[in-house]
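Okay, structure first, notes after.
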Amino acid sequence: MDDLEKAILIMFDESGTVDAELKQKAKDYCDKIKEEQAICSVCIEKLCFSNLVQVQFWCLQTLHEVIRIRYSSMSLDEKYLIRKSVFSIACFGGFDDKSTVRVLEGPAFIKNKLAQVLVTLIYFEYPLVWSSVFVDFLPQLSKGAMIIDMFCRVLNALDEELINLDYPRTPEELAVAARVKDAMRQQCVAQIVRAWYDIVSMYRNSDEELCASVLESMRRYISWIDIGLIVNDAFIPLLFELVLVGGLSEQLRGAAAGCLSAVVSKRMDPQSKLPLLQSLQMRRVFGLVAQDSDSELVSNIAALLTGYAVEVLECFKRLNSEDAKGVSMELLNEVLPSVFYVMQNCELDSTFSIVQFLSGYVATMKTLSPLRETQLLHVGQILEVIRSQIRYDPMYRKNLDILDKIGREEEDRMVEFRKDLFVLLRNVGRVAPDVTQIFIRNSLATAVGSSSNWNVEEVEAALSLFYAFGESINGEAMRTGSGLLGELVPMLLSTRFTCHSNRLVALVYLETVTRYMKFVQENTQYIHMVLAAFLDERGIHHLNVNVSRRASYLFMRVVKLLKLKLVPFIENILQSLQDTVTGFTSMDYTLKELSGSEDGSHIFEAIGLLIGMEDVPPAKQSDYLSSLLTPLCQQVEALLRNAKVLTPEEAPQKFANIQQIIVAINSLSKGFSERLVTASRPAIGLMFKQTLDVLLQVLVVFPNVETLRSKVTSFVHRMVDTLGASVFPYLPKALEQLLVDSEPKELVGLLILLNQLICKFNTLFRDILDEVFPAIAGRILNVIPVDALPSGPGSNTEENRELQELQRTLYTFLHVIATHDLSSVFLSPRSRSYLQPIMQLLLFTSCKHKDILVRKVCVQIFIRLIRDWCAMPNGEEKVPGFQSFIIENFATNCCLYSLLDNAFEFRDANTLVLFGEIVLAQKVMYEKFGNDFLVHFVSKGFPAAHCPQDLAETYCQKLQGSDIKALKSFYQSLIENLRLQQNGSLVVR
């Protein structure tokens, strides 16, 4: 053993006894040898004399690399040596008579690597240099199985490395592949096909594995060789015989089926394709799919039949003659029963899409009106396929019921998987509505009549079908209960499945009932059944909390829809919900459990919608509301009284209870309109005011509990909408408490509340805003920096994100004030000290903020303030110093210098909107300040930007004209010209 062989063995050692340093040295040594000029001779010699597979592999790998990288620089002699040697080795020879080792006797991975080397030579040399490679190989096949196997490996490698388009190819590789295929078609494909036929015929009874390898290679080539070489009286009968003969191995029969699949899938024009498909007499293999569905053969037959069906359907779509369509439909009708069986019982090839094929077939039915008996039968089978496909696997039943991690993943997967199947169901429903409804009725009837042991998954699938079918029914048909709906909906409502305790069944049942509510809206005799479904153990009283909460939400939607029709049932509903209402605010929740949109609070919204209607008598309404609000407020008051004795262990749960109560009251109030509580029934309004009084105490007692502060803020929002202006007396106290120890995140919530108040009440809110603005301005200006917030690496912290959000909300707040005739608030004696810092902040932001939309808001604020605070030219100043601040700072910095930065991108839509506001600002400044603005802007601003005199004069003319579009267009071209001149050197001051 020489040093190279030792180094290769060390490099490939997997025993764990060789240390990493020695391995690296061995690798370095081998890499050094690779660089030698005679490396190809070294490798060939080793292949002929070394029986160590590691050495053989390294030599073949090296040859492969060297040919690939250095081929163009090799000498003719070196190329000849490699060609001759590699071909000889592949044909079970050696380099010369002295060779003692035969590579073909080695393991499969060595033979595959040898095939790869040979294909690399074909890449560079066939057909121009080495035109006889395939012709020379064919006579060698008579040497026996070992050479035939090697020939198959070469063909497979040629397909994988060069021809097969399933792998990404470079333009050069595509050109070489085309060259190789053209040459093979012309020179040797017919001989290779003949060899395939002879080998399979000769070895079918003695070496089935070899025959399977040959057919596997052949399958790869059928897509691009002359189809007549395969589809003839010799080869097709042989392939079918191999598929159908029971005594042969599954591997061989499957390989023959794979070749037939390749024949079926070959791309051809439909006029030629249809006779080919017809000639195959595919019905011969239909019976094979009913064998063991897990076998490899059945998978191959399934792929053959689905591929065949796809091609026949394509012929039907693309051929226009009646005869051709008739033949296509006949073949399709013949194969479809087997295809339907395959879809439900076999593992399908990943390239076949059930939904895509069935959707295509259903689309053809639209052209066949009315549907024939066969098509109606197929519709039923398609519906069976859909039902079998949407069924959950029983192995996940427990996971889905308790909804653990596995259950959640499976549910998410099925939701996604079902989408296309439900689209298909809707299409089937439109093509054959009667058949679809009968199928759903039978599915439901089977589910209803099932024993307690009947499959949960079957019931869930039947209900899901009915739910999805609802999407294809228009509103009119839904209301009138056309077709079988008049039978199906009552059947659904009156059903109590034995597996109703299962989470999935209970959920889809309630969703389906909700979907068909328009039918109940018209057929009010079923309302009591709807209420029973939601109020008993099928819905809100279901043992699974997820079902119960979802039922609460869906019940709220039902109440919204039926509303007035439920007035006679209010007493019964409230009685049924008494335990749910009590339980909602007294359970041992943790704050974590209360997260999410479905927390059960929708039951209070439903109750609010019911009792908040004007059709409820006033006395009853007061009683209902009082019976709900009084105990809730008493619970809060009791918790507040005991706040001082709360232990750290008790606190989280008590906070959660208060939070639940606030959420409940908030939801309850949604059913009461402002008109009802302030005008027609002020006693109701009084109850909500008293409740607000109680809940505002929460801010006093627990000022630093963020979740409670957030919920109280949300309730104040609600009361603004419910109580209207009568909420004013409570606002100063509420706003003051919300400001105590508030962090940036909480300040955002406070500003949003103020924005709501300003937008709703406009100038009516002036006095309260005057009162609270100084404290709010002072608090926020202490938190927000006057210049830019930190950016760059490490700046994306939670704290910075909250500051950014606060900054954006502040500008919205200032904008709302300015645009609702409340800018005088900035000038009140208590707020005056904040005017200068606010103006500086607005100025900096309008020039430099990275968010274009924020800059636009700031410019709009300035425009509004100029209009509010500045008289016409030569008039008296309302705000001393403001005019000069605008002319000297805002005009030049924002309206000129900030635009000269190349980051101001005119191609961006938002930037163009900002630019429009900046041009408008100049127009407004000229209207208000006249020549004071124009002279300063042109004499101070333009020279600093190196603006030529003629362009400055044109600007003056455009500004003084009345066409703002012309001004905007000119100013954009002016800025672009100035940018070219100063090349971004001007700094915004």
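One-based numbering along the sequence shown.
At least one side-chain heavy atom of Ile163 sits less than 4.5 Å from a side-chain heavy atom of Lys181. For the pair Phe555/Lys560, no side-chain contact is recorded, criterion being any heavy-atom separation below 4.5 Å from C-beta on. The shortest distance between side-chain heavy atoms of Asp198 and Tyr203 does not fall below 4.5 Å. Side-chain atoms of Tyr308 and Val339, non-hydrogen and from C-beta on, never get closer than 4.5 Å to each other. In this structure the side chain of Arg204 reaches within 4.5 angstrom of the side chain of Leu238, judged on heavy atoms. In this structure the side chain of Val285 never reaches within 4.5 angstrom of the side chain of Leu260, judged on heavy atoms. A heavy-atom distance below 4.5 Å is not found between the side chains of Leu174 and Thr170. Contact check for Ile230 versus Cys259: no side-chain heavy atoms found under the 4.5 Å cut-off.
When only modelled atom types and interatomic distance are considered, Arg153 and Asn112 share a side-chain donor-acceptor pair under 3.5 Å. Counted by atom type alone, Thr374 and Asn333 present zero donor-acceptor pairs between their side chains at under 3.5 Å. With no hydrogens or angles considered, no side-chain donor-acceptor pair links Arg557 and Thr514 at under 3.5 Å. No hydrogens or angles considered: a donor-acceptor pair under 3.5 Å links the side chains of Tyr509 and Arg538.
You'll find the ring centres of Tyr526 and Phe519 inside the 6.0 Å limit.
Heavy-atom minimum distance, Asn544 versus Asn546: OD1-N, 2.8 Å. The minimum heavy-atom distance between Leu444 and Ala462, with the atom names listed, is N-CB, 4.3 Å. Nearest heavy atom pair, residue Leu280 against residue Arg284, reads O-NH2, 2.7 Å. Nearest approach of Trp196 to Ile225, heavy atoms of both residues: CZ3-CD1, 4.4 Å. Contact record, Cys315 with Leu277: SG-CD1, 4.1 Å, taken as the closest heavy-atom pair.
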Notebook entry, point to check: Run the salt bridge (charged side-chain N to carboxylate O under 4.0 Å, His left out) check on Arg267 and Glu311 step by step: do they pass?
Noted result: CA-CA 9 Å; Arg267 283 195 288 188; Glu311 295 299 326; over 6 Å; no
Check: Do Arg185 and Asp182 pass the salt bridge (charged side-chain N to carboxylate O under 4.0 Å, His left out) test, and can you show the C-alpha distance, the side-chain angles, and the key distance before you say yes or no?
Finding: CA-CA 5 Å; Arg185 284 190 193 103; Asp182 288 345; 2.9 Å; yes
Next item on the list: Any chance you could lay out the ring-ring contact (aromatic ring centres under 6.0 Å, His included) test for Phe466 and Tyr516, step after step, and finish with the verdict?
Entry: CA-CA 10 Å; Phe466 190 27; Tyr516 289 92; 4.3 Å; yes
Next item on the list: Kindly determine whether Glu314 and Lys273 satisfy salt bridge (charged side-chain N to carboxylate O under 4.0 Å, His left out), including the steps that lead there.
Entry: CA-CA 10 Å; Glu314 198 57 31; Lys273 186 68 170 278; over 6 Å; no
Note to self: Show, in sequence, the C-alpha distance, side-chain angles and deciding distance for Glu460 and Arg418, and conclude whether the salt bridge (charged side-chain N to carboxylate O under 4.0 Å, His left out) test is met.
What the structure shows: CA-CA 13 Å; Glu460 195 277 339; Arg418 285 174 161 190; 2.6 Å; yes
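Applying side-chain contact (heavy atoms from CB on, under 4.5 Å) to Ser261 and the options Ile222, Thr306, Leu304 leaves one that passes, Leu304. Glu471 pairs in a salt bridge (charged side-chain N to carboxylate O under 4.0 Å, His left out) with only one of the listed residues (Arg426, Arg430, Lys419), which is Arg426. Among Glu411, His542, Arg550, the one residue that satisfies the side-chain contact (heavy atoms from CB on, under 4.5 Å) test with Arg503 is Glu411.
Contact check on Glu250 versus Arg253 returns no salt bridge, with no Lys/Arg side-chain nitrogen under 4.0 Å from an Asp/Glu carboxylate oxygen. Of the charged side-chain nitrogens involved, none lies within less than 4.0 Å of a carboxylate oxygen, so that Glu322 and Lys325 do not count as a salt-bridged pair. Using a cut-off of 4.0 Å between Lys/Arg side-chain N and Asp/Glu carboxylate O, Glu409 and Lys405 are scored as salt-bridged. Salt-bridge check for Arg391 with Glu457: failed, with every basic side-chain N at 4.0 Å or more from each acidic carboxylate O. Between Glu160 and Arg220 there is a salt bridge, with a side-chain nitrogen of the basic residue lying less than 4.0 Å from a carboxylate oxygen of the acidic one.
A side-chain donor-acceptor contact under 3.5 Å links Asn300 to the backbone of Glu296. Judged purely by atom type and a 3.5 angstrom limit, Ser272 has no side-chain atom pairing as donor or acceptor with the backbone of Met268. Side chain of Arg515 to backbone of Tyr467: a donor-acceptor contact under 3.5 angstrom is found. Glu209 places no side-chain N or O within donor-acceptor distance of the main-chain N or O of Gln251, the cut-off being under 3.5 Å.
Leu358 contributes atom CG, which lies 8.5 Å from atom OG of Ser353 (distance to the nearest 0.5 angstrom). Between Leu165 atom CG and Ser223 atom OG the span is 8.5 Å, to the nearest 0.5 Å. The CD1 atom of Ile527 sits 11.0 Å away from atom CG of Leu493, with the distance rounded to the nearest 0.5 Å. The structure places CZ of Phe422 at 9.0 Å from CD1 of Ile386, a figure rounded to the nearest 0.5 Å. Rounding to the nearest 0.5 angstrom, the gap separating the OG1 atom in Thr512 from the CG atom in Leu554 is 10.0 Å. The CZ atom of Phe235 sits 9.0 Å away from atom CZ of Arg194, with the distance rounded to the nearest 0.5 Å.
The aromatic rings of His500 and Phe497 sit tilted relative to each other, their planes meeting at an angle between 30° and 60°.
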